[in-house]
Each structure stands twice: as C-alpha cells, then as structure tokens.
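The next block holds one structure in the form of structure tokens; read it before the comments.
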Amino acid sequence: MINSVSWKNIWRNKLRSIVILVAMTLGLMAGVFYIAFYYGMAEQRINSAIKTESSHIQVHHHGYIENNEIGNFIADAGTMVSKLESVDHVQAVSRRLIVQSMVSSAETGAGVKIMGIDPEKEKQVTNLYTKIIDGAYFEEVSRNPIVIGSKLAEKLKVKVRSKIVLTVQEMGGTLTGGSFRVAGIYKTSNSMYDETTVFVRAEDLANLLKMDVNDAHELAILLDDNEQLDASKEKITGLFPKMDVQSWMDLMPEVAIVKQSMNLTMYITIIIILLAMGFSIVNTMLMSVLERVKELGMLMAIGMNRMKIFAMIVLETVYLSLVGGLLGVILGVLLSKYFGKVGIDLGIWGKGLEAYGYDTIIYPIIHPDYVVITTLLIVATGILSAVYPAYKALKLNPSEALRIDN
Amino acid sequence: MSVINIKNLKKIYNDTGVPVNAVNGIDLTINEGEFTAIVGPSGSGKTTFLNMLGGLDKPTVGEIHINGTQVEKLSASKLINFRLNNIGFVFQAYNLIPVLTAKENVEFIMHLQGKPKKEREARTKELLTAVGLEDRMDSRPGKLSGGQQQRVAVARALASRPRFILADEPTANLDSKSTENLLDMMEKMNKEENITFVFSTHDARVVKKARRVITIEDGKIVSDERKN
Ligand SMILES: Nc1ncnc2c1ncn2[C@@H]1O[C@H](COP(=O)(O)OP(=O)(O)OP(=O)(O)O)[C@@H](O)[C@H]1O
Ligand SMILES: [Mg+2]
C-alpha cells in the first residue's frame, strides 16, 4: 500500500513531475545517444585503421622501425609467411617491400611511401581493393602499374593511366628512377594516408631497388579475432625471437588511445548526466517534502513509523528516477539503433575529421553492457538522491508539524 | 473504568528565552465511554494539553497513564506504535492522505497495523457506512466537503480500534450544518459503541452536546462539569 501511495504522490504536482521527467528523459537520451555515436565513430576508426592501414600484427626486421633503411629487410620471407600462416587465428599474411621515395608527375612532386605488394595476397589482408574510386586495382595496366590515393592524385594533377616517375635510392645507395602508370585511385577515410601511401607490385619494386623478390620489409598479419591480439602477438614473438613483432596498438598509439578512452568517455558522460539528474531530484523531492509537512506530521501522529515514512519518500524518488531514467535510456537506444541503420552523414563537418582518419558517415553502436550499467547507475542515483529529502522528513516532529500554518 | 489518568501535568516552553507555562499543573481522570469537551480561550493551553495526552509531545513535568501504560516514559519508536494502536486522532485539517480515496484512507491505518486485507475491507465498509459515506467511498478527499472529510477522519480514527479518540477542534473549519452532523455522528458512536471521545472546541453548539465540559485557563483546569 505504501508503494502505491508513493507512486500516486509523484503525480500530485503533475507539472513539476513532468518537467523533471522530461529533463531526465532528454538528458539520458542524449547521453546514451552520444555514447553510441562515440563508440560507433571510435570502432569505425579502429576497424578501418586495421583493415586499410595496419592489419592486426606486423613483423619487421630488428631495427627497421627505428630506421626505415631498406637494408633492414627480412630475407627468405616466403618461408616465414608459410610458418605464420599455420599459427592459430592467423587468417592471412601479406609481405611488403617498403621504401620512402619521391614521386613526380609532369606538374609537381611529392614525398611518398611505396608499398611493394602481391596484389592478390594483399586483398586477403587489407581492403585497399575495395577503396578504388577510379580505374582498377592493378588490372588493366600490364607494365609497372601503380595505385595511388585520391589526395595525391589531386596534388600531382594526375588521372588513371597518367605516367608518374618514382625516384628511389637503390640498395647500393645510388639514386634511380622508374616510370609507372596509374592503374587505380583509392580513397580511404584517412586523407593523410591517401596522400602519402602508394602501392606497386613487389616484383616491380624489387627490380627498381635491385633486391630479391623473396625479401620483405614488412609482414602484415590479419587475425580472425581482435580479441586474440595479445595472445597471437606473444605466440609470433615466440616463433621469431629475432624479429620485431607489433600489434596495431603499438603501431598506431593514437588509435589505441581512442579504444582505451571509450569506456572512460562513457563513464564521464553518464556520471555528469546522473549528477545533474541527482541534484534536480533532490531539489524536487525537498520541495515535495516541505510542501507536505502537515501531512507528514499527521501520518507520524496517527502512527506511521519512521521506517515507513522513509520508505515512502525513497520509493517516490526511486519511481521518479526510474520513470525518467528508463524512458531516457529506451529512447536513447531506439534513436541509436535507428541511426545505426541509416547512419549519420556529418557532411561538411566531416571534412576536418577525415584528416584524422574518421569516416564522415557515423553508425552509432549500442553495447548492451553499458545500457545495463547505465540503468544500474540510474537506480543508484535515485536511491542516493532520496536520502536527504527522506532524512528531512524524518526530522519532523509531529506536534510542531501540525502547528505550522499553511 | 478509567482510560486516562493524568497527574500534575506541566509544559513549559522555553524556546524564546521567556518561559511560557502553557500547561500548568493538570490532574485529570477520564473514564471509558465519556464524551468530553475541553474548552477555554485562545492560548489557554488546549492544544498543548491534547498533544501531550496523545503522545505527540513530552510533558515537562507530570505523568500520563493510558490504560495502565505510562506514555511519557515510552521511547520514540514505542510511542509511535502506542499511538497507532491506542489513540484515534482527528485534527482540525489535513487529516487525510489526498492521493487516497476515502476507503483507502480508512484502510491505510489498518494496513499500518498489519491487519489482513479481508478484515480491513470489511471494517472500512462498516465504518464509512456508519459515518454516512457509503456512497462516497471511492472519492478522494479533494472531492469531499469539509464535513465529509472530517467524517472520514473519524472513521479512520475508529478503524484502529483505539482506547479513545482525541480531536483538537474538529469542527473549526466546518459550517454550522456540518458541525451539527459531525457531532451527531460522534454522539451516536459514543452512545451505541461506547467510544470515548475527548475533543477541544470554541463552538458553543459543540459544547452543548458534550456530557462533560472541562474549562482550561492559563494552563489550569478552572471548571469540570458533568451533565446528564
Ligand atoms: N512551540 C511553542 N513555543 C512557545 N510557546 C508555545 C509553543 N506552542 C504553543 N505555545 C504557547 O503556549 C500557549 C498555549 O498554546 P496552545 O496552542 O496550547 O493554546 P490553545 O488553547 O490551543 O489555543 P487556540 O484555542 O488558539 O488553539 C500559548 O501561549 C502559545 O503561544
Ligand atoms: Mg489549539
């Protein structure tokens, strides 16, 4: 019966309760949506960084990371690749020859990183081939094909089938050049990467550098499960103790921070919203208690004991926060699910983000565990904000409360 | 048989620095079945006295025995329980829980006592019928007149089967017709069910109905008349 009194008491001052419920609902809805948006953005960033740039794990010759000298290569990479391919959770391995170089068109030049790859193997590890926006992925140009980013194409003012010249330092140290023809132009969500990374066939680059096709600077490994990242890294390090083995978290610390900050962002957002919510509930409930001094005095007089008075006020507060809080969470989840399907096009605002490797269309993601945590925190906030108003009610002395004129 | 036994009761308020002897030495016995009015000018100490009698306030000096229990000696939590089971209260206003219907208000006190639902429902019906509100049982207090609300309050006070009913100016907010109705109803309860009533009033018509009239002035009993 006390719980029904509590529930009915909420609706005594309808306007006041509705105002606070709307505020709570909107606050939590916005909070849940913001988190889903942030998670979506972060996970897209991480996935695209893994899929287009780093893969999960990379293996290099000792010293290559500090000093990108082409002399720091892995000899007989083919044997290593076969060994790696038999490790658990390794889905595919791509080997790359890499060199820093100058690329020039008829108009101008730029500094780039050339990746010499086996186009078919690379397909299994990264999704470059899906990012082609013009021309084709190595097909159609038979001699010295090159795939470049759209940003670089713009800068060099070149198109598909244009000729460009790569200038590199070969093994001995002599400068040498090779002419390549643009087979395709790709575009990822990271414009920085697009401007500075070009792809050629490994054998063409080996020719240019006077290296063996069986040499490699980098082995890029795709796993079938990101959760196995640390375990796999350890296993591979064990297999090749003389090599540098790094996960994408080591290779892209700026992306790793995004992942690590996801939970922190969520807690900070939720706690700020719940604090605001808590204070407005305390305020509302205090008003409600002070308005009812005579009635509370009467209830104590006729024999309603302190525990029951306390329970009545706490229940009112908890109901209030549950209604507003859950409504907010539900609406926030629905909103996120909806935009998770259709996506949010950041349009012109997205241009700035693109430079940092973020997609311009964001698909919010709802993680069930943070919905559960948020709900639990709402209940806790409700109970905590009930304590002070309920304590105020308990301090009333019935004979004094009944004498107050109002 | 005496229900209430009061010895040398005093209440001195000292919170303004100037001591106020609101109740200044009252000795009184009230027997079962009495219908007693406490009268006196404003500020004479009626409310202060009734609050102590009802266990809502502690006396500065003196003893209050209700049915053998020395009330002022009880701890705060025992006192609440004692009030619940021994005293029925009717106040001047704010008697009822506004969000509950007449029926639920009466039931509420029996719920606090832990009475089973069946008993609660039967007694509520019986009492609301007795106070003449059988057709308003599902109305909330806001939809009832002042007189009807006070009758619900009397029904609620009776519902807990108390030793006596204490009413501080129960008719102060009522018009003369409702006052008369309420008093007739209380008188009937007193005569037919032998319920003990103690009430304070300023109203001469209410005083006329009382069978015992105790007059207080400056915190002391100045007269105690019984009529028959
Ligand atoms: N909390 C208090 N502190 C100080 N003095 C008080 C307090 N409560 C009541 N008094 C004083 O005690 C005296 C008795 O007051 P009380 O309310 O008992 O009179 P009353 O007979 O009920 O008056 P009324 O007929 O106006 O209701 C008055 O002088 C009043 O001012
Ligand atoms: Mg009074």
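In what follows, chains are A, B, ... by sequence order, proteins preceding strands, each numbered from 1.
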Sequence neighbours left out, what passes salt bridge (Lys or Arg N to Asp or Glu O under 4.0 Å) with B:Glu34? Give chain and number order. B:Arg212, B:Arg226

Aromatic rings A:Phe33 and A:Phe37: how do their planes relate, parallel, tilted or perpendicular, breaks at 30° and 60°? tilted

Counting only non-hydrogen atoms closer than 4.5 Å, does [X] touch chain A with its backbone (N, CA, C, O), its side chain (CB onward), both, or neither?
| X | answer |
| --- | --- |
| B:Ser160 | neither |
| B:Phe82 | neither |
| B:Leu100 | side chain |
| B:Leu79 | neither |
| B:Gln113 | neither |
| B:Ile109 | side chain |

Lys/Arg N to Asp/Glu carboxylate O, B:Asp57 vs B:Lys11, below 4.0 Å: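 A salt bridge links B:Asp57 with B:Lys11.
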
Please check if the side chain of B:Thr69 supplies one atom and the backbone of B:His65 the other of a donor-acceptor pair under 3.5 Å.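 Checking the backbone N and O of B:His65 against the side chain of B:Thr69, no donor-acceptor pair under 3.5 Å is found.
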
Any side-chain heavy-atom pair of B:Lys10 and B:Asn21 under 4.5 Å: no

Considering all heavy atoms of both residues, which atom of B:Gly219 and which atom of B:Ile26 are nearest to each other, and what is their separation?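 Here B:Gly219 and B:Ile26 meet closest at O-CG1, 3.6 Å.
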
Can you tell which of A:Gly297, A:Ser4, A:Pro398, A:Ala301 has the highest number of heavy-atom pairs within less than 4.5 Å of chain B? A:Ala301

Sort out for me which of A:Glu400, A:Met298, A:Met300, A:Met304 touches chain B most, counting heavy-atom pairs under 4.5 Å. A:Met298

Output the option from B:Asn81, B:Asn95, B:Ile87 having the highest count of non-hydrogen pairs under 4.5 Å with chain A.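 Most heavy-atom pairs under 4.5 Å with chain A: B:Asn95.
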
When rounded to the nearest 0.5 angstrom, what distance separates CG in A:Leu274 from CG in A:Leu377? 6.0 Å

